[in-house]
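As the structure is a prediction and not an experimental result, all values here were calculated from the model. A note on names: the letters A, B, ... follow the listed sequences, proteins ahead of strands, and every chain is numbered from 1.
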Amino acid sequence: MIRVRFAPSPTGYLHVGGARTALFNWLYARRHGGLFVLRIEDTDTQRSSWEMVSGIVDGLRWMGLDWDEGPDIGGPHAPYFQSQRLDQYREAAARLVAQGSAYYCYCTPESLQQKRQAAEAAGGGWLYDRTCCTLTAGEVAAREATGAPRAVRFKVPRGSTSFIDLVHGRIEFPNAVIEDFVVLRSDLQPTYHLSVVVDDIEMAMTHVVRGDDHISNTPKQVLLYDAFGSSPPAFAHVPLILGTDKKRLSKRHGATSVMEYPRLGYLPEAMVNFLALLGWSPGGDEELLARDELIQMFALEGISGGNAVFNPEKLDWVNQQHIQRLTPEDLASRLEPWLRDKGLWSEHFGSSRRDWFVALVQLFQPRLKRLDQFTHEAGPLLRDDVIYEAQAVAKHLRPELHEPLSLLASKFAMLDPFTAQPLEMTLRALAETLQLKPASLIHATRVAVTGRAASPGLFEMLELAGRERVGERLRKALTHVAPPA
RNA sequence: GUCCCCAUCGUCCAGAGGCCUAGGACGUGGCCCUUUCAAGGCUAAAACACGGGUUCGAAUCCCGUUGGGGACGCCA
């Protein structure tokens with residue numbers, strides 16, 4: 001049984017990089033009928049907050065990534081908050097010391113800081129100098145007697161450490177570059193390395209899929225697995241997501257929190273599709289993939305090794321494509337919150353005027369890239385008043401069209417049924433009679449009724465606007481058009 | 001500074017020694033469709049970082065250089 005986890009630290013919101021890591025884990029679990037576990041790594045009590053946990057949970061839910069075990073639903077390996085598993089880490093650290101894999105370190109953070117800075121000033125890096133590893137029994141006793149705080153450091157053996165990475169292949173580190181890292185702080189809080197390994201062992205993780213930035217942490221963790229007598233899981237380190245300037249994605253690149261995307265009008269299925277293809281490829285040419293298809297095709301082996309730049313334009317395109325694939329009814333439901341927010345929603349849109357509303361949505365669907373655009377685009381048909389855009393008026397509501405528009409208004413007033421085809425025939429017939437180019441009358445009518453120069457097909461618009469509103473606006477528009485002198 | 005990862009169009013990917021005159025997608029330009037704007041269709045420009053090997057043959061394998069990224073915490 002495959003078991004994978006997403007283990008965010010609640011020190012910030014769910015950013016797109018984390019979201020993609022979660023997605024890869026989720027896809028992998030779903031692909032193989034495995035289990036996806038959510039675990040909160042809140043051992044940094046200073047920076048962790050409950051608010052961030054719920055933000056992360058919201059982000060995952062929005063993307064439709066559901067977990068089989070986690071803080072809210074529990075599971076056979078509960079609890080899923082590291083802050084509630086401290087005993088296990090302390091016990092593990094004690095075991096390490098008892099078996100000689102780790103030792104107590106009495107160095108103060110200040111002295112370490114000093115040594116580190118001195119080394120840096122000298123132009124090199126610094127690894128812990130093992131001061132406390134070589135203490136004699138007497139020296140240890142002396143420090144213990146003073147009650148000095150002690151941390152637990154792992155004793156890194158000689159040699160080298162390697163592991164198999166499903167995206168990078170075999171990776172090897174000389175142990176000489178790995179320092180004797182702290183596993184248990186002097187305040188008895190575990191460090192990341194200890195808690196992940198203890199939990200991943202206890203939670204029986206078979207695969208660890210995480211960001212590339214953890215590659216250099218991995219040998220330390222492999223050493224811990226060895227010390228605990230466990231064999232490490234399979235690792236898959238996925239490349240980072242960068243901003244357009246190839247720097248690590250940050251706020252100045254725009255929206256980096258997943259939860260900003262619903263507010264910007266993006267569909268979760270589009271986000272999932274887009275993120276899945278950032279750094280991973282199913283191999284073929286297909287780019288627009290539904291959740292089920294992604295699950296069917298997903299493989300860790302298809303993840304590329306290099307970093308990927310987040311391309312907002314492509315996200316827009318993917319989003320647009322997914323919007324086009326929605327049924328009008330579905331789109332209509334997703335649009336409702338937006339209309340409510342703008343005060344353009346009418347309860348009738350859910351009942352007596354449902355068909356009308358869905359038809360309206362369908363008419364605008366092809367031109368929607370993002371959900372937020374609808375209220376603006378369809379505004380003229382949703383609001384009682386029209387806003388005449390000066391440029392559109394100047395260009396299309398020319399004085400010589402005063403009379404034709406007036407005639408058109410009276411013809412429309414008598415038209416029955418008031419539907420697209422008859423509307424178009426009527427307008428074209430009138431244009432012919434008056435020896436006008438149909439286009440000029442069409443444009444003038446569009447501006448008259450919508451106030452804008454651009455819209456979906458005019459006659460479908462007119463039909464949806466209805467006889468009354470069309471007549472009213474045509475009359476109103478005529479006041480903007482001075483008759484020719 | 002040390003270690004690790006990466007290297008194909010501007011961007012995301014395909015390519016696992018001959019199928020490559022390097023393919024697709026976004027974006028960009030042009031054309032078509034057309035009542036406008038979109039959408040859609042067609043089309044164009046656009047890349048194997050460099051240098052050495054290995055091989056009959058290299059985008060694909062090896063080495064080096066360069067470039068980019070990551071990590072070097074009693075953060076995760």
Is there a donor and acceptor pair, one atom on the side chain of [X] and one on the base of [N], closer than 3.5 Å?
| X | N | value |
| --- | --- | --- |
| A:D42 | B:rA76 | no |
| A:Q113 | B:rG73 | no |
| A:R452 | B:rU36 | no |
| A:T191 | B:rC74 | no |

Under 4.0 Å, counting only non-hydrogen atoms across every strand here, what does [X] touch: a base, just sugar-phosphate, or nothing?
| X | value |
| --- | --- |
| A:L277 | sugar-phosphate |
| A:E41 | sugar-phosphate |
| A:P149 | nothing |

For the [atom1] atoms, the ones on [N] and on [M], what distance do you get once it is rounded to whole angstrom?
| N | M | atom1 | answer |
| --- | --- | --- | --- |
| B:rC9 | B:rA47 | C1' | 4 Å |
| B:rC74 | B:rG15 | P | 42 Å |
| B:rC13 | B:rA22 | C1' | 14 Å |
| B:rC50 | B:rU8 | P | 11 Å |

Rounded to whole angstroms, how far apart are [atom1] on [X] and [atom2] on [N]?
| X | N | atom1 | atom2 | value |
| --- | --- | --- | --- | --- |
| A:L401 | B:rU35 | CG | P | 17 Å |
| A:L289 | B:rC13 | CG | P | 15 Å |
| A:L240 | B:rG69 | CG | C1' | 8 Å |
| A:K314 | B:rG24 | NZ | P | 13 Å |
| A:H193 | B:rA76 | NE2 | P | 8 Å |
| A:H237 | B:rC6 | NE2 | C1' | 15 Å |
| A:F154 | B:rC74 | CZ | C1' | 17 Å |
| A:I215 | B:rC3 | CD1 | C1' | 12 Å |

Note to self: Both distances below 3.5 Å, Watson-Crick or wobble geometry, any strand: find the nucleotide opposite B:rC26.
What the structure shows: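 Pair assignment: B:rC26 / B:rG10.
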
Next item on the list: Using Watson-Crick or G-U wobble geometry with both distances below 3.5 Å, tell me the partner of B:rC19, or none.
Entry: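 Result: none.
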
Check: What class does the angle between the rings of A:F24 and A:F298 fall in, given that below 30° is parallel, 30 to 60° is tilted and above 60° is perpendicular?
Finding: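 Because their plane-to-plane angle lies in the 30° to 60° range, the rings of A:F24 and A:F298 count as tilted.
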
Next item on the list: Step through it carefully: locate the ring centre of A:F274, locate the ring centre of A:F310, and say whether they are under 6.0 Å apart.
Entry: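 Yes.
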
Margin query: Between A:E269 and A:R334 (salt bridge meaning N to carboxylate O under 4.0 Å), is one present in this structure?
Written below: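 Salt bridge present between A:E269 and A:R334.
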
Next item on the list: In plain terms, say whether A:R95 and A:E91 are close enough for a salt bridge, that is, a side-chain N and a carboxylate O under 4.0 Å apart.
Entry: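 Yes, charged N to carboxylate O under 4.0 Å.
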
Name the closest nucleotide to the [X] side chain, picking from [options].
| X | options | answer |
| --- | --- | --- |
| A:L127 | B:rC72, B:rC13, B:rC5 | B:rC72 |
| A:V309 | B:rC74, B:rC12, B:rU2 | B:rC12 |
| A:S216 | B:rG24, B:rG70, B:rA76 | B:rG70 |

Margin query: OP1 or OP2 of B:rA76 versus the side-chain N and O atoms of A:R210: is any pair under 4.0 Å?
Written below: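 Checking A:R210 against B:rA76: no side-chain N or O falls below 4.0 Å of OP1 or OP2.
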
Notebook entry, point to check: Side-chain donor-acceptor pair under 3.5 Å between A:Y106 and A:T131, yes or no?
Noted result: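 A:T131 and A:Y106 do not have a side-chain donor-acceptor pair below 3.5 Å.
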
Check: Under the criterion side chain to side chain donor-acceptor pair (under 3.5 Å), which of A:D213, A:T218, A:T21 is the partner of A:H237?
Finding: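 Result: among A:D213, A:T218, A:T21, A:T218 is the only option passing the side chain to side chain donor-acceptor pair (under 3.5 Å) with A:H237.
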
